[in-house]
Each structure stands twice: as structure tokens, then as C-alpha cells.
Asks: 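One structure follows; several queries about it will come next.
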Amino acid sequence: MLINKKLISYAKGVKPYIALAVATKVVVLVTNIFFAFSIGGALQSYFEGGWQAVNVELLLGATGFTIVMRAVMNPLTLIFSHRCSSIVRSRLREAVYEKMVKLETQYHRTTGTSHVVSAVVDGVESLESYFGSYIPQFYYAIMVPFILFVSLVKLDWRPAGILLIISPLILLCMMLIMDMAGKMNRKHFGHYQSLGSFFLESLQGLPTLKLFGQEEERFDEIKERTESFRKTTMKILGMQLNSIILIDFITYGGAAAGIVVTALSLGKGYLSFGESFTFLLLASEFFLPLRTLVSFFHIAMGGVSASEKIFHLLETSEERVHRKEKPYKGKGNNTSILLKNVSFSYYRGSPILQDINMEIKQGETVALVGKSGCGKSTLANMLVGFMDPIQGNISYGEQDSVDISLESLRRKVCLVPQNTYIFTGTIEENLRMANPYAKDEDMIRVCKKVGLMDLMKGSGRGLALQVGEAGSQLSGGQRQKLGIARALLRNSDVFIFDEATSNVDKESEEEIWQAIWKETQSKTTIIISHRLSTIIHANRIYVVDKGCIVEWGNHNHLMANGGLYYQLALEQGELRRKEEVS
Ligand SMILES: Nc1ncnc2c1ncn2[C@@H]1O[C@H](COP(=O)(O)OP(=O)(O)OP(=O)(O)O)[C@@H](O)[C@H]1O
Ligand SMILES: [Mg+2]
């Protein structure tokens, strides 16, 4: 109960360091006992024969030895404690990251980003006290009363026994406090997380809040939530203070009881004066480690509550079975894609895609068009393995998607998503993600193709141009251009462009598409676009409506068909005419 088993299971490589931290503490304790005995012995000699009887060398030697041992052992304890906590921190962070990678898109539904950040950053950080301070102190504090008892029992079993009996009372109290503290800490950490995510969202959405004049209201809500957080913090501090007062009462009460029994033993002649003095010096040592344990316990509890959130994330069962690579059974490097009766729904709700049948032959360019929300991006995400169909199957080359590992699928298929993510860093760093071994000339070439050179030259920094946090120093169109350049550098067999140029002006868009057509001539390409002008030359166009393919064919065929595609084309023609008139 006083030790969290789950957390300890993460302490595999940590145990030797815990043992070393405990050992250094025990060495200091044994030195203290030796010192107390030396002082007691010296005092006794003084009372019996004056200064001449005192072995001054021994006394000075014992004092020096104690000082040196403390000076050496205390820093060692700190080093070992720090090692414990750093191992657990990195292990937990790695485990969480691995889990997030496995959960992929499911993670967005199960856990909010800021919740994960607060658990992984602050939560894991506060586990430092659990492993670095609490656990070594726990084992040490349990051992101390026994070590002291064994050392003192030879002098007189009565006070030694009293001190030994009282010390477990502190552990009992701790167990009582624990239940209450656990509930409070859990609530407190929950508050902390929701305050964190609310604050983060307020910062990220500040321009929108200002646009709608909502910043004052938001500020009031932040104040309210902060106040409620402050109240729970104060409650926890109050509880900690009260429990420490109670523990102090037992600690000093216990030491006083020990001293009283020592005095009685002295009175009755069971103990000499020097021995009584040794008892006095060591009486509080029985309890102080336990008292320190209680204060570490309160700090460590914050980490334990955070760890519950981390374990909740780690224990989230993955909805998807991770696919294992099976040997390729097809002929040559076949990059065709076949979808047979593919259906999909999010959260097992109403179907988003129904009975999709598509065939994209090697080297073909096909397009997906349809109204907003009809399921185009869902299909694109499924093709790169972010989700699996709930019915039907997809094959790449002559290989079923279940036989292709996600790693090799993503080497084969490259998606430029609707909201491509640009990382903090330089243009070069963002490009290298796609191909770490790319030469400068290759990077410059793709940047030229997408029309990023003006920006790069204008800044005078070229590939070393910093793009800011999440590409915030680039325009929406420039971010998209960088996303496309990154994909082109990947040089995969299959490309999927999902509204890849929706933020780019018309002239640049045409240039980019010409470059894309040229670069992907021999590749299998899927283009999703609202602007029909970008897909007119596709070998085949699939028109999606409410998750179903309602018509397909080339541009001329679909125009002649007079169906949904024709309507969409008509609407866009109308729009273009209006643009031209204005
Ligand atoms: N992560 C998600 N969880 C639940 N539902 C989702 C999720 N993503 C999309 N949807 C729903 O699936 C449907 C299809 O979305 P999708 O993004 O595939 O549409 P789209 O055709 O790409 O639209 P647009 O042209 O606006 O990009 C929408 O109704 C949307 O609400
Ligand atoms: Mg979309």
C-alpha cells in the first residue's frame, strides 16, 4: 500500500541505484551510532576518572571520521537518487511516446494533447521525488529502528524496546493519511490538467477570441478556474501540514517516552551516565527518518497521481492490430492500388465510407472530388494506414494491406495532408524529415519546383531559413508549398495530395501542379481537390457523395454525364465568372 507496485515495475534498472542510495544512508547511520557511542564512552570515562581517563585521540578520530563519512556519503546518496529518478523519467517518457505512436489517430479521441503534455512533462517530473527521495527513504526508514535497536539493546532492552515499538505508529498514521491524500491529489492533478489545457487553448485561440470580443470572458473563466485550483492546492497543503503536526507529535512524543524510560533505567542503575547519553543522542534517530519519509510522501504523492494518468494512457488498448510484414508475393514493383467494397466509420458510428471500389493502376493519376465532409480525407488517411477499413480490403501491388507493415506502407505511399504540419526549425530540417540523406541540390530543386525560392533567396538564408513554431513565420500558402516540397523529396511510389494547394494563389497553384505532374509522371498519384481545374487531366475522376462513389470517368465523360461532377463544375465556372467580372 505504501509502495505503488505498478510504478515499481517501471523501476527495473533502477533497483541497484535504490539499493546504493539506501546503503549510503545506512553507512551514515552506522557512523552516527559509532559517534554516539564514542561520545557516551568519553563522557563515562570523564565521570569516572576526569580528563586523564578520556581517550581524546579516539574521540577526535571518531568526530573526524563522522564528518568525513557524512561529507562523502550524503552527496553519493544524492547522485544515486538522481540516477533512479532520471532512469524512470526517461523510461516512462519513452513508453508514452511509443504508445502514442501506436495509438496514432485513436490518441486524439482518447486523450487531449495538453493532458498528455502535463502528464508526461510535469507528472513524470514529479515522479523524481517518488523514486529519488521517497522509495530510498522508505526502505531506509524501515531499517533504521531495527539497526538502532540491535545497537542499543545490549545497553538496556527497556528504552530500546519502547523506541522500537513506537516507530511503526508513524507508518500506521501514514497509511491512514494515504487514502485521504490519494483522493485529494488525484482531484488536484485533474484540476491542474484541465487548467493547463484551458490556458493553452486560450493562448492558441487568442486571435479568434479577440476577433469575437470574448477575451474578457475567457480571462474571467481562467481566473475562476485558477481560484478553484488554488483552493484545492491550499486544502492539500493544509492536509499535509496537519498530518506533519500529527507525525511530529508521535516523533517527539516517542523520543520523549524513550528519554523517560532511559532516565528511569539510569535511576535504577541499568544504564551508566555515558550509556544514557548515547540513548539520548540516538532516541530521535529512531523517528526522524520516518518523519522525513512523511514529508517526501506528500511530495511524491503528486507524482503518483500523475502516474495514474500516465498508466491510464499506457493501458489504453489499441483498437488496431499492428500489421506484420509478409514477403511480397506480387510481380516486380507493382504500385497499383485496389479497393474492394471498403467501408469505414469513426467510433463505430454511422458509416463515413460505404462500399468503395476503386482501381488505380500503376503510374495512373486519379482524382477524388466531392462536397465538403463526403469522406475524401478519410479515404486518403486510410490509404496511408492511419485507419483500417471495417469492411472490405485494400491491396497495394498484389499484396493485401494487412500483409504490409505500416513502416513499409508509408515508405511506399506519401500523403500531403490537408493541414500539413511544419515543425519548428529550418526549411532544411523540415525537408530532411522526408529524406535524411538528401543533397542540398535536391532540396533546392524541390523548393524551386514549388516556388519557395523567392522566399529563401529574399531572406538571404536559403535552406537555413527559420520557419518559426509550427511554421508560424510562413504564410499558409508557403507552409503548403513546403509540405509539397517535402513530399516530392520523399520520392515514394505513390503520392496522395489532399487539398495540397488550397491556400496557394491561382498562378502559383498552376505552376505547382505542373511541377507535380512532371515529378510524378511515372508514379501512381491520387489528387483530392475542390478546384476542378487541377484535376481535369486525371486518368480517372471518382466523385464521392455521402461516403459513396456515385460516378467515375475522365473529365469529358463526367461532364457529358450531367451528374454531380457536372454540377460541381458548373458551380465553379459560375464562381470563376464572378471573380473575373469583379
Ligand atoms: N477524426 C474524426 N472523428 C470523427 N469523425 C470524423 C473525423 N474526421 C472526420 N470525421 C467525419 O467524417 C466525415 C468525412 O470527413 P472528411 O474529412 O473525410 O471529409 P472531406 O471529404 O475530406 O471534407 P473536406 O472536403 O471538407 O476536406 C465528416 O462528416 C466528419 O465529420
Ligand atoms: Mg478533407
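Just so we're clear, the structure is a prediction, and the values are computed from it rather than from any experiment. Residue numbers start at 1 and run along the sequence shown. Counting starts at 1 for both ligands and their atoms, following the listed order.
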Asks: Which class fits the ring pair Phe229 and His188: parallel under 30°, tilted 30 to 60°, perpendicular over 60°?
Replies: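 Geometry flag for His188 against Phe229: parallel rings.
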
Asks: Give a yes-or-no answer on whether the side chains of Lys361 and Asn539 include a donor-acceptor pair shorter than 3.5 Å.
Replies: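 No donor-acceptor contact under 3.5 Å links the two side chains.
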
Asks: State which residues pass ring-ring contact (aromatic ring centres under 6.0 Å, His included) with His191; sequence neighbours excluded, sorted by chain then number.
Replies: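 For His191, no residue satisfies ring-ring contact (aromatic ring centres under 6.0 Å, His included) once neighbours in sequence are set aside.
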
Asks: Hey, which of His530, Glu509, Gln480 is the one that makes side chain to side chain donor-acceptor pair (under 3.5 Å) with Ser502?
Replies: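 Considering His530, Glu509, Gln480, a side chain to side chain donor-acceptor pair (under 3.5 Å) with Ser502 is found only for Gln480.
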
Asks: Would you mind counting protein N, O or S atoms that sit less than 2.8 Å from the Mg ion (ligand 2)?
Replies: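 There are 2 of them.
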
Asks: Considering both backbone and side-chain atoms of Ile352, is one of its nitrogen or oxygen atoms within less than 3.5 Å of a nitrogen or oxygen in ligand 1?
Replies: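 By distance alone, the answer is no.
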
Asks: Run the numbers for me: atoms of ligand 1, each under 4.0 Å from some heavy atom of Thr378, listed by number.
Replies: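 Matching atoms, with element in brackets: 14 (C), 15 (O), 16 (P), 18 (O).
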
Asks: Between Glu441 and Arg445, is there a salt bridge with N-O shorter than 4.0 Å?
Replies: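 Salt bridge absent between Arg445 and Glu441.
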
Asks: Quick check: Trp513 with Phe497 (ring centres under 6.0 Å apart)?
Replies: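 So the answer is yes for these two rings.
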
Asks: Of the choices Ala380, Ser377, Ser529, which has the non-hydrogen atom that lies closest to atom 17 (O) of ligand 1?
Replies: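 Selected option, by shortest heavy-atom distance: Ser377.
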
Asks: Sequence neighbours excluded, which residues qualify as ring-ring contact (aromatic ring centres under 6.0 Å, His included) partners of Phe423?
Replies: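 Checked Phe423 against ring-ring contact (aromatic ring centres under 6.0 Å, His included); matches are Tyr421.
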
Asks: Of Pro351, Gly370, Gly373, Gly547, which has the heavy atom at the shortest distance from atom 29 (O) of ligand 1?
Replies: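 Shortest heavy-atom distance from atom 29 (O) of ligand 1: Gly373.
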
Asks: Number the atoms of ligand 1 from 1 as they appear, then name those within less than 4.0 Å of a heavy atom of His530, with their elements.
Replies: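 Atoms satisfying the 4.0 Å criterion: 25 (O).
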
Asks: Look at atom 27 (O) of ligand 1 and find which of Gln418, Met387, Met382 reaches it with the closest heavy atom.
Replies: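 Looking at heavy atoms only, Gln418 sits closest to atom 27 (O) of ligand 1.
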
Asks: Who passes side chain to side chain donor-acceptor pair (under 3.5 Å) against Thr378, sequence neighbours left out?
Replies: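 Testing Thr378 for side chain to side chain donor-acceptor pair (under 3.5 Å), a comparison that skips the adjacent residues, returns Tyr346.
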
Asks: Between Asn435 (side chain) and Tyr437 (backbone), is there a donor-acceptor pair under 3.5 Å?
Replies: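 Checking the backbone N and O of Tyr437 against the side chain of Asn435, a donor-acceptor pair under 3.5 Å is found.
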
Asks: Check each atom of ligand 1 against the heavy atoms of Gly375 and keep those under 4.0 Å away; list them by number with element.
Replies: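 Answer for ligand 1: 14 (C), 18 (O), 19 (O), 20 (P), 21 (O).
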
